[in-house]
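Below, each value reflects all heavy atoms present in this structure, side chains not excepted, and no hydrogens, waters or symmetry copies.
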Amino acid sequence: MRWQWRVYEELLREPLATAQGVWRSRSGIYLRLEDEQGQVGYGEIAPLPGWGSETLSAAIALCQQLPCHLSPEIIAAIPEDLPAAQFGFATAWQSVGQLPYRIHPWPICALLGSGRAALEQWQQPWQRGQTTFKWKVGVLSPKEEQGILTTLLAALPQGAKLRLDANGGWDLATAERWFAWLDRHGNGKIEYVEQPLPPDQWQALLRLSQTVTTAIALDESVVSARELQRWLERGWPGRFVIKPALFGSPERLSVLLRQGLEPQRLVFSSALEGAIARTAIFQCFETWQPCRALGFGVERWRSAPLLTSLADYDAEWHRLDNYGKSYYK
């Protein structure tokens with residue numbers, strides 16, 4: 001299988017503030033495969049090292065080292081410490097001769113801007129029929145954010161659900177105060193709190209899950225399939241937020257589901273990947289059958305429309321070629 005690759009960088013439509021800092025752009029690698037019959041497939045490597053994946057430089061080094069013709073054995077040998085590359089090459093190979101995909105619609109969770117911006121931003125998604133929202137916390141002080149959250153919870157209509165995402169930015173004392181506050185003021189609208197503590201505080205996360213009322217979901221703790229397996233062995237009782245573009249080969253998750261991992265424990269979320277990875281992920285949902293609203297309502301920051309024709313793929317392949325043809329195989 002012949003292949004080519006292109007490195008891209010794209011500015012976000014607006015900066016995204018999180019407890020870990022501010023995102024302003026997104027980088028990745030687009031892959032194009034072609035077999036002897038001229039059938040094509042596409043993939044995307046979209047690493048986020050701050051979230052536990054490999055670096056873009058590591059993914060570039062892999063592309064430079066691989067031969068001019070790919071095989072299933074070569075793709076299967078991509079190391080586990082390159083999960084975004086595993087995803088990109090696996091989905092590219094699977095797509096050859098299969099494009100375009102027929103994509104099933106799924107309920108979407110809308111990401112709200114941090115701070116007071118959330119008080120206005122929930123209304124338009126609600127009018128489009130979206131009932132689940134996600135708000136980044138740990139950006140301002142707890143007092144400021146709890147004041148905003150009081151107003152937001154009062155404004156959200158009956159039936160709305162809110163996910164809070166701390167991005168691992170709290171310490172244990174802050175987390176305990178937050179959960180105590182949510183027990184008093186959550187108003188029945190908090191679906192869960194995402195990653196309240198940093199991933200390396202796994203024992204404290206386990207203890208916290210056993211003592212609080214509000215549900216907890218792990219995100220940065222379970223970036224890859226290897227990490228999810230580790231948390232299953234630890235007996236984590238809560239939910240897992242899976243960013244498929246960072247997780248590794250999709251087959252790894254399919255195996256865990258066949259082995260008994262309950263689908264209702266999984267929440268799928270965007271890593272602000274591009275349109276090629278986004279479309280591949282939605283094709284995977286046909287197998288994974290999500291039970292909860294998908295955390296892909298991120299158009300305010302990066303538009304990545306689902307690709308519905310080969311012409312769409314070709315246009316996207318050329319649109320983000322910011323680095324020229326020197327990276328071609």
Hey, could you give me the CE/SG distance between Met1 and Cys68, rounded to the nearest 0.5 Å? 14.5 Å

Modelled atom types, side-chain donor and acceptor of Glu316 and Tyr8, under 3.5 Å: no

Report yes or no: does Arg234 contribute a side-chain atom to a donor-acceptor pair with the main-chain N or O of Gln203 at less than 3.5 Å? no

Gly28 backbone acceptor or donor facing Glu44 side chain under 3.5 Å: no

Rounded distance [0.5 Å steps], CZ in Arg292 versus OG1 in Thr132: 9.5 Å

Atom CD of Glu233: over 12 foreign heavy atoms under 6.0 Å: yes

For Gly43 and Thr91, which heavy atoms make the closest approach, and how far apart are they? CA-OG1, 4.4 Å

Begin with the C-alpha distance, continue with both residues' side-chain angles, and end with the deciding distance and a verdict on side chain to side chain contact (heavy atoms under 4.5 Å, CB included) for Val222 and Val241. CA-CA 7 Å; Val222 290; Val241 177; 5.7 Å; no

So Phe133 and Trp122, would you call those rings parallel, tilted or perpendicular, with 30° and 60° as cut-offs? perpendicular

Look at the rings of Trp236 and Phe240 and say which category their plane angle falls in: under 30° parallel, 30 to 60° tilted, over 60° perpendicular. tilted

Side chain to side chain contact (heavy atoms under 4.5 Å, CB included) for Glu34 and Gln4? Distances and angles first, verdict last. CA-CA 9 Å; Glu34 184 173 346; Gln4 300 170 315; over 6 Å; no

Short side-chain to backbone donor-acceptor contact, Lys189 and Leu153, under 3.5 Å: yes

Any donor-acceptor pair under 3.5 Å linking the side chain of Thr214 with the backbone of Phe179? no

With rounding to the nearest 0.5 Å, note down the distance linking CZ in Arg300 to CD in Gln124. 7.5 Å

Interatomic spacing from CG in Asp171 to OG1 in Thr174 - rounded to 0.5 Å: 3.5 Å

In terms of heavy-atom contacts, Ala85 and Leu62 come closest through CB-CD2, 3.6 Å

Between Trp23 and Trp301, is the gap from one ring center to the other below 6.0 Å? no

Side chain of Ser303, backbone of Glu299: donor and acceptor closer than 3.5 Å? no

Residue pairs passing the salt bridge (Lys or Arg N to Asp or Glu O under 4.0 Å) test where at least one lies in residues 100-126, sequence neighbours excluded: none

Quick one: does any side-chain atom of Ser249 pair with a main-chain N or O of Gln86 as donor and acceptor, under 3.5 Å? no

Is a donor on one side and an acceptor on the other found under 3.5 Å between the side chain of Asp312 and the backbone of Thr308? yes

Just verifying a value: how many Å separate Gln229 CD and Leu261 CG, rounded to the nearest 0.5 Å? 9.5 Å

Is Arg32 reaching over with its side chain to a backbone N or O of Trp5, donor-acceptor style, under 3.5 angstrom? no

Output, in order, the C-alpha distance, side-chain angles, deciding distance and verdict of ring pair (Phe, Tyr, Trp, His ring centres under 6.0 Å) for Trp288 and Phe268. CA-CA 10 Å; Trp288 295 337; Phe268 294 100; 5.3 Å; yes

Check against side chain to side chain contact (heavy atoms under 4.5 Å, CB included), Leu266 and Leu253: CA-CA 10 Å; Leu266 302 181; Leu253 184 57; 4.1 Å; yes

Do Leu111 and Gln121 touch side chain to side chain, with heavy atoms closer than 4.5 Å? no

Between Glu227 and Ser221, a side-chain donor and acceptor under 3.5 Å: no

Is Glu145 reaching over with its side chain to a backbone N or O of Val139, donor-acceptor style, under 3.5 angstrom? yes

What are the two closest heavy atoms between Ala275 and Ala304, and how far apart are they? N-CB, 3.7 Å

What residues, two or more places apart in sequence or in another chain, satisfy ring-ring contact (aromatic ring centres under 6.0 Å, His included) together with Phe282? Phe285, Phe296

Using 0.5 Å steps for rounding, measure from the CG atom of Asn167 to the CD atom of Glu194. 7.0 Å

Is the backbone of Thr131 close enough, under 3.5 Å, to the side chain of Trp126 for a donor and an acceptor to pair up by distance? no

Give the intermediate values and the outcome of side chain to side chain contact (heavy atoms under 4.5 Å, CB included) for residues Phe89 and Leu82. CA-CA 11 Å; Phe89 278 101; Leu82 301 174; over 6 Å; no

Pro15 versus Val22, closest heavy-atom pair with distance: CB-CG1, 3.6 Å

Pairs meeting criterion salt bridge (Lys or Arg N to Asp or Glu O under 4.0 Å) with involvement of residues 242-252, two or more places apart: Glu80-Arg252, Asp219-Lys243, Glu251-Arg258

